[in-house]
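One structure is given below, encoded as structure tokens.
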Number of protein chains: 2
Amino acid sequence: MSANGRAEMKKSRPLRADAGENLVRSLEQLKAVFVERGVDASLEEIAKRSSVGIGTLYRHFPSRAKLLAAASDEQLATVARKEAELDGLDSRLEALHLFLKELVKRTGMYHGLAAALNTVLNSDAPGCKAATDLGKRLLKGAQDASEVRSDIKFEDVVSLVGAVSLSPQKGARDPARINRMLEVIIEGLRPIQR
Amino acid sequence: MSANGRAEMKKSRPLRADAGENLVRSLEQLKAVFVERGVDASLEEIAKRSSVGIGTLYRHFPSRAKLLAAASDEQLATVARKEAELDGLDSRLEALHLFLKELVKRTGMYHGLAAALNTVLNSDAPGCKAATDLGKRLLKGAQDASEVRSDIKFEDVVSLVGAVSLSPQKGARDPARINRMLEVIIEGLRPIQR
DNA sequence: ACCTGAACACCGTTCAAGT
DNA sequence: ACCTGAACACCGTTCAAGT
């Protein structure tokens, strides 16, 4: 019945290409597929679920990385919105810690995204850029305050955080594990005392 | 010339199935392919290069994980052979540090293996088992000596080490990066002072 | 100008047939 | 008992044809 209705609409109104509306709908489905299937979801399924031809999908997102960046952009914008709160903290290391916690939290729903986190953060989508800018600034601040060793690169931290969300044996989202591993990373970032 | 010779041998001696010799030859080629192509190398190519039918490959190694374990077993046995040396050290944390360094070193030649390191270490191949046993014992020792926080699991450490060999932007094997990231992990493992 | 999906290539996996 | 590779299924990617 409902399927019949959709078919009729498609026939009577030949899919007037409202690019904006169309893309938004695609993004919603895109995210849903990534949530259900993980970041290795088949492009075929994404296209089908997004009601878009596979060719159109490729034109909008020439690589899987672009797709991941688009799907993650909103979540990363949310991370970036923590800026004021984090800037208000006393400890720069604590600010970085909370940033990383938020990053893992907002990034965990796409299974396997962690492995591609550096790539996604380096994309030019606005949310990705904002989160990366904030993260780099927090790291720099902690280093200037001598709370983090000066030789560490932002990419090092992101790679380590990626490992956190990598499940040990496939499955099992273990919050305790995430917490203790983030603690290890944060404590390990401190300058070595001699 | 040499190719011709091989072809003749194959014809005159119809590949007498010396399973042992055959498997060893396969393993050599298997490792070569993983070195050249990374751990996602196509099974087709592995079979072809190993002069084995794809079906035979599947019978010997029903999953890619088994293949990875077989290819890594010798390297991991080498890691395990550090046992005496590491047991002789004063600091249990330093022993663990050197173990992890060795692990990264012997594991780095297969691009992408890091991500599957926990799986490989958990396989029942002898070298994998030996390396895992040693690693777990070293961690336990460091914890008993209060040099490592007691809530850490061996799998946590391996996951973090996996991140180390994960290149940030594809390519670039950077020894300095490996060293500082391993240092971050080791320092971060220390019990938190309060 | 934009969209579509058939068509091609490549790879994983199984299994009937061969020795 | 062991090996083989054709056959099938599935997925990524391109591009000629359609609107």
Side-chain angles (χ1 to χ4, degrees), chain A residues 6-30 32-34 36-71 110-112 115-116 119 170, chain B residues 6-7 9-27 29-30 32-34 36-71 110-112 115-116 119 170:
Chain A
R6 284 217 294 148
E8 268 180 43
M9 281 187 59
K10 234 181 193 171
K11 222 177 249 180
S12 61
R13 175 155 66 94
L15 196 55
R16 190 173 52 88
D18 182 336
E21 188 185 327
N22 228 326
L23 242 185
V24 168
R25 289 192 36 130
S26 295
L27 275 181
E28 285 316 310
Q29 284 305 311
L30 173 60
V33 177
F34 277 146
E36 288 171 37
R37 308 273 187 197
V39 298
D40 291 327
S42 99
L43 301 181
E44 242 176 33
E45 181 174 358
I46 291 172
K48 207 156 287 173
R49 289 267 295 269
S50 306
S51 320
V52 160
I54 182 72
T56 305
L57 188 69
Y58 264 87
R59 196 161 37 78
H60 281 307
F61 309 105
S63 70
R64 187 176 289 266
K66 300 266 185 193
L67 224 36
L68 290 174
Y110 302 142
H111 190 278
T119 306
K170 181 87 182 179
Chain B
R6 283 216 298 148
M9 281 187 58
K10 236 183 189 171
K11 219 177 250 178
S12 61
R13 174 155 67 94
L15 196 57
R16 189 173 53 88
D18 182 337
E21 188 185 327
N22 228 327
L23 244 184
V24 168
R25 289 193 36 135
S26 296
L27 277 182
Q29 284 304 311
L30 173 60
V33 177
F34 277 146
E36 287 171 38
R37 309 273 186 198
V39 299
D40 291 328
S42 100
L43 301 180
E44 243 175 32
E45 180 175 359
I46 291 172
K48 208 157 286 173
R49 289 268 294 269
S50 306
S51 319
V52 160
I54 183 72
T56 305
L57 189 70
Y58 264 87
R59 196 160 37 78
H60 281 307
F61 308 105
S63 69
R64 186 176 289 266
K66 299 268 186 192
L67 224 36
L68 289 175
Y110 301 142
H111 189 279
T119 306
K170 181 87 182 178

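Order of the sequence lines fixes the chain letters, A, B, ..., with proteins taken first and strands second; residue numbering starts at 1 for each chain.
Side-chain contact between L57(A) and L30(A) is absent, with no heavy atoms from C-beta onward closer than 4.5 Å. Side-chain contact between I46(A) and F34(A): present, with at least one pair of heavy atoms (C-beta onward) separated by less than 4.5 Å.
Between the P atom of dG12(C) and the CG atom of D40(B) lies a distance of 9 Å, rounded to the nearest Å. Distance L57(A) CG to dG5(C) C1': 13 Å, rounded to the nearest Å. Between the P atom of dA1(D) and the NE2 atom of H60(B) lies a distance of 16 Å, rounded to the nearest Å. dC10(C) atom P lies 11 Å from atom NZ of K48(B), rounded to whole Å.
Comparing dT4(D), dG12(C), dC2(C) against the side chain of S42(B) picks out dG12(C) as the nearest.
When all heavy atoms are compared, the tightest approach of A70(A) to L27(A) is CB-CD2, 3.9 Å. Smallest separation of non-hydrogen atoms from P62(A) and K66(A): CD-CG, 3.9 Å. When all heavy atoms of R49(A) and Q29(A) are compared, the pair lying nearest together is O-CG, 3.1 Å.
Stems are defined here as 3 or more consecutive Watson-Crick or G-U wobble pairs with pairing distances under 3.5 Å; those involving DNA chain C are C:4-8 with D:12-16, C:12-16 with D:4-8.
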| Along nucleotides 13-19 of chain D, 5' to 3', which nucleotides get a B, which get an S, and which get a -, given that the test is a protein heavy-atom distance under 4.0 Å? | BBB----
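Here the CG-CZ distance, from L43(B) to R64(B), works out to 4.5 Å after rounding to the nearest 0.5 Å. If you take NE2 on H60(A) and CG on L67(A), they are separated by 11.5 Å, rounding to the nearest 0.5 Å.
Looking only at distances, no side-chain donor or acceptor of Y110(B) sits under 3.5 Å from a matching main-chain atom of L68(B).
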